[in-house]
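Below is one structure, written out as structure tokens, with a few remarks after it.
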Amino acid sequence: QVQLVESGGGLVQAGGSLRLSCAASGRTFSSYCMGWFRQAPGKEREFIAATRWSGNIYYADSVKGRFTASRDIAKNTVYLQMNSLKPEDTAVYYCAAGPVVAGGRWYLTEGNEYHYWGQGTQVTVSS
């Protein structure tokens with residue numbers, strides 16, 4: 001059974017930092033892209049970052065320079081370090097895993113490209 005379990009959300013003041021974790025289990029993810037998304041109330045789901053276990057990382061422009069994605073292969077865990085948080089970063093954050101097709105893009109940015117999703121973790125940034 002595939003599981004993606006996020007943790008690390010919470011309440012933080014503007015300018016603060018949080019680190020989200022996503023522990024993956026249940027299958028081999030070496031050929032998968034691990035994505036981070038967020039969804040704020042009343043808004044569409046937004047792509048944030050995509051990580052390959054090889055170390056390649058792709059960021060959305062909205063978070064570039066403030067958020068850093070990483071992975072720990074031994075722990076089968078990906079992370080999202082979020083710095084300089086703003087109230088507009090308030091959302092439920094999700095990690096997801098999607099297969100990368102040989103010959104295609106190495107990163108996935110669309111939600112429907114991902115097969116597995118975590119339960120989400122709430123991040124609230126107060127002003």
Side-chain angles (χ1 to χ4, degrees):
Q1 180 183 1
V2 173
Q3 278 194 311
L4 301 178
V5 180
E6 300 109 333
S7 59
L11 174 64
V12 64
Q13 288 189 331
S17 299
L18 283 174
R19 188 176 83 152
L20 307 182
S21 300
C22 173
S25 62
R27 67 161 297 139
T28 301
F29 289 96
S30 57
S31 63
Y32 275 60
C33 178
M34 304 298 294
W36 287 99
F37 290 78
R38 66 185 178 187
Q39 188 164 21
K43 294 189 176 181
E44 292 187 355
R45 183 172 55 198
E46 177 188 12
F47 166 79
I48 297 174
T51 305
R52 293 298 306 275
W53 293 101
S54 60
N56 292 342
I57 305 172
Y58 178 84
Y59 296 100
D61 288 343
S62 60
V63 301
K64 201 174 293 184
R66 295 192 300 125
F67 290 11
T68 302
S70 61
R71 83 281 186 266
D72 185 326
I73 296 173
K75 295 183 178 180
N76 232 25
T77 299
V78 293
Y79 303 96
L80 186 67
Q81 177 66 42
M82 306 185 295
N83 298 329
S84 302
L85 283 163
K86 306 174 183 179
E88 51 264 42
D89 294 318
T90 295
V92 178
Y93 284 69
Y94 299 91
C95 71
V100 175
V101 176
R105 283 181 293 118
W106 66 262
Y107 59 90
L108 307 176
T109 60
E110 300 297 325
N112 58 15
E113 296 179 297
Y114 288 85
H115 291 189
Y116 305 107
W117 291 83
Q119 82 284 358
T121 186
Q122 177 71 46
V123 171
T124 302
V125 184
S126 63
S127 56

- Which pair of heavy atoms, one from A97 and one from M34, lies closest together, and at what distance? CB-SD, 3.6 Å
- Query: Among pairs that include at least one residue of residues 46-85, which meet disulfide (SG to SG under 2.5 Å), considering only residues two or more places apart or in two chains?
  - Reply: none
- Item | K64/D61 ion pair, N-O < 4.0 Å | yes
- Query: Are the side chain of D72 and the backbone N or O of T77 linked by a donor-acceptor pair below 3.5 Å?
  - Reply: no
- Message: Whether the side chain of R66 engages the backbone of S84 through a donor-acceptor N/O pair (distance < 3.5 Å, no angle test) should be reported.
- Response: yes
- Query: Rounded to the nearest 0.5 Å, how far does CD of Q3 lie from CG of N76?
  - Reply: 12.5 Å
- Grab the two heavy atoms, one from A91 and one from A40, that are nearest each other, plus how far apart they are. CB-N, 3.7 Å
- With sequence neighbours excluded, tell me which residues meet side-chain contact (heavy atoms from CB on, under 4.5 Å) with A69. A49, T51, I57, Y59, L80
- Message: Is there a path of hydrophobic side-chain contacts, each under 4.5 Å between heavy atoms, that joins Y116 and V100?
- Response: no
- Note on the structure: In terms of heavy-atom contacts, V125 and D89 come closest through CG2-CB, 4.3 Å
- Validation row: E46, V63 side chains within 4.5 angstrom (heavy atoms): no
- Query: So, do E88 and S62 sit near enough that their side-chain heavy atoms are less than 4.5 Å apart?
  - Reply: no
- Item | Under the ring-ring contact (aromatic ring centres under 6.0 Å, His included) test, residues paired with F29 that sit two or more places apart | Y32
- Is M82 close to V123 at the side-chain level, that is, under 4.5 Å between some pair of heavy atoms? yes
- Message: If you define the side chain from C-beta out and look only at heavy atoms, does anything of H115 sit under 4.5 Å from P99?
- Response: yes
- Look only at the side chain of R71 and the backbone of W53, and say whether a donor-acceptor pair between them is shorter than 3.5 Å. yes
- Query: Between atom OG of S21 and atom CD of Q81, what is the distance when rounded to the nearest 0.5 Å?
  - Reply: 9.5 Å
- Item | Remaining members of the apolar cluster that contains Y79, side-chain heavy atoms under 4.5 Å | none
Return a table of donor-acceptor pairs under 3.5 angstrom between the side chains of residues 4-13 and protein atoms on other chains or two or more places apart.
residue : atom : partner : partner atom : Å
E6      : OE1  : Q119    : N            : 2.9
E6      : OE1  : G120    : N            : 2.7
E6      : OE2  : C95     : N            : 2.7
E6      : OE2  : G120    : N            : 3.4

- Supply the members, apart from Y107, of the Ile/Leu/Val/Met/Phe/Trp/Tyr cluster built from side-chain contacts under 4.5 Å; use none for a lone residue. F37, F47, Y58, V92, Y94, W106, L108, Y114, W117
